[in-house]
Trainee: 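First the structure, which I've put down as C-alpha cells, then a few questions once you've had a look.
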Amino acid sequence: MRILLIVLSGLLLLIGSCGGFGSSLPFIRVTGEFSFDYALLEDGIVDVIVLNSYMRDVRILISGESQTSGSHTSSWNLRDENGARVPDGLYYIRIILNSDIIDTRMYEVHK
Amino acid sequence: MTLFMILLCMTGQSSNDEDISYSHRFRLGFCLTTSIPSMQMEKEFADLNSEAGIGFKFGTFAFGTSIEILGDLSERLRIRSSVGVAEFKGKYRRTLINLDDRAISVETQAYFLLNRGRDLSFSVGAGPIYTWVRRNVNSIFTSQSGSGSGFGLVTSMRLDQEWPWKIGSISLFITLEGGYKLNNVKLDNVEADGFEVDFSGPFFKIGSHIGL
C-alpha cells in the first residue's frame, strides 16, 4: 500500500511538472493576472498585443520597445485598454519582433 | 448549368393564357440549400489559430433550409418570398473549440419566366435579402457570442415543374435553383468592432412545393 502511494505521488509530480492534466489542451486556462516568457533570437523593436476571437486588439502590453536578444517576461491582468476586465473567452497574445510575428499563444480566460 | 440546359430543352411547347390555369398560381414549399460562403474573416480567424499552433478545421459549405411561397403575377412574372436558416461550422478536436455561424434570412425575389412550357419553366430573378447573423465561439469553459443584421442581394436561375405530380388531391411541384448571394453582415457587439460574417457566395437549392 505504501509503495503504491509513493508510485502514485511520483506520477502526480511528473504530470504536474508537465503543466498539469491540461497540458494536452491547445490553450492555457487563466482566471487572473498571469506572466509569460518569450525569447528573442535577435535585438529589435518588440510589440506584444492581446487579441480577442474577433481578431481585434484588446490590450497592447508592449509597444515599440527596444529589447535585446534572450529571454523576457511580460504579464497581463486580463484588462483591456480602458481598464475593464475582458469578457470570458479565447484570447491570443501575439509577440512581434521588427514587424514580424514570432509567436502567438492562446488563452482561455474565464472566471 | 448542363442540367439546366438539358431540362430547358424539354420545354418545347410555348404557353398561352389558358395554360397558366393548371400550374397553380400560388405554391407553398420547403427547400434545402447548400452554398459556398466567402467567410473571409473566419478564414483569417483560422489563420490566427494556425499561428498559435492549432489546426482549426473549417467547413467549405453552409447548409440551410427555407420555407417559401411563390405567386404568379402574370404569365411571365413570378414572385417568391421566403424565410430560411443557414449554418456554417468550424472546429478543433470536436468539442475543444467550436465555431458556429448561423443566419436567418428573409428574401423576396421577382422572376421573369424566359421559357414557360407545359411541363417546365425556366426563369431568372433577383431581389433583396435581410439577414440576422449570430456567431458563437465555444471552448471548454467559455462561450463568446456576437450578432448583427443587414441587407443583401440574391440573383438566381430557376427551373420549376409546371405540370404537377398528384398525390391524392395534393399537387406537388419540384424546383431547382442556383445563383449567387451578396450577404455580408457586420456584428453589432462592441468586442466585434466591425467583424463581418460573410455568407456571400454561390448557392444551390432544391425544393418541393404544393399548389394552393
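Chain naming here is simple, since letters A, B, ... match the order of the sequence lines and numbering starts at 1 in each. Predicted model, so just to flag it, every value in this text is computed and none were measured.
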Trainee: Between B/Ser50 and chain A, with a heavy-atom cut-off of 4.5 Å, which part of the residue counts as in contact: side chain, backbone, both or neither?
Mentor: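 For B/Ser50, neither part sits under 4.5 Å from chain A.
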Trainee: Taking the side chain as every heavy atom from C-beta outward, state whether B/Asn49 and A/Met106 have any atom pair closer than 4.5 Å.
Mentor: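 The answer is yes, as the side chains (C-beta and beyond) meet within the 4.5 Å cut-off.
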Trainee: Quick one: of A/Lys111, A/His110, A/Glu108, who has the most non-hydrogen atom pairs under 4.5 Å with chain B?
Mentor: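 The option with the most such pairs is A/Glu108.
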Trainee: Tell me whether B/Ile67 at atom CD1 has more than 12 heavy atoms from other residues, nucleotides or ligands lying less than 6.0 Å away.
Mentor: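 It does not: B/Ile67 CD1 has 12 such atoms or fewer within range.
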Trainee: Kindly determine whether A/Val109 and B/Thr142 satisfy side chain to side chain contact (heavy atoms under 4.5 Å, CB included), including the steps that lead there.
Mentor: CA-CA 8 Å; A/Val109 173; B/Thr142 69; over 6 Å; no
Trainee: Quick one: what part of B/Glu42 sits under 4.5 Å from any heavy atom of chain A, side chain, backbone, both or neither?
Mentor: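 For B/Glu42, no heavy atom lies under 4.5 Å from chain A.
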Trainee: Work out which heavy atom in A/Ser53 is nearest to a heavy atom in B/Gln144; give both atom names and the distance.
Mentor: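 So the two residues come closest at OG-OE1, 2.8 Å.
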Trainee: Answer with side chain, backbone, both or neither: which region of A/Ile101 has an atom nearer than 4.5 Å to a non-hydrogen atom of chain B?
Mentor: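 The side chain, not the backbone.
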Trainee: Rounded to the nearest 0.5 Å, how far does CG of A/Leu90 lie from CZ of B/Phe141?
Mentor: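 B/Phe141 CZ to A/Leu90 CG: 12.5 Å, rounded to 0.5 Å.
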Trainee: Any chance NZ of B/Lys43 has more than 12 other-residue heavy atoms, nucleotides or ligands included, within less than 6.0 Å?
Mentor: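 Enclosed: over 12 neighbouring heavy atoms sit under 6.0 Å from NZ of B/Lys43.
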Trainee: Got B/Tyr92 and A/Phe27 here, is their nearest side-chain heavy-atom distance under 4.5 Å?
Mentor: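 In short, these two side chains do not touch, never coming nearer than 4.5 Å.
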Trainee: Can you pull out the residues in residues 185-197 of chain B with any heavy atom less than 4.5 Å from chain A?
Mentor: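 Under the 4.5 Å heavy-atom cut-off, B/Leu187, B/Asn189, B/Glu191, B/Ala192, B/Asp193, B/Gly194, B/Phe195 qualify.
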Trainee: Taking atom CD1 as the centre, does B/Ile104 end up with more than 12 heavy-atom neighbours from other residues, nucleotides or ligands that are less than 6.0 angstrom away?
Mentor: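 At most 12 heavy atoms, drawn from other residues, nucleotides or ligands, come within 6.0 Å of this atom.
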Trainee: For A/Val58, which atoms come within 4.5 Å of any heavy atom of chain B: side chain, backbone, both, or neither?
Mentor: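 The answer is neither part of A/Val58.
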Trainee: Taking C-beta and beyond as the side chain, do B/Arg135 and A/Tyr54 meet within less than 4.5 Å on heavy atoms?
Mentor: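 Contact flag for B/Arg135/A/Tyr54 side chains = yes.
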Trainee: Can you name the closest pair of heavy atoms from B/Glu51 and A/Thr104 and give their distance?
Mentor: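 Residues B/Glu51 and A/Thr104, closest heavy atoms: OE1-OG1, 2.7 Å.
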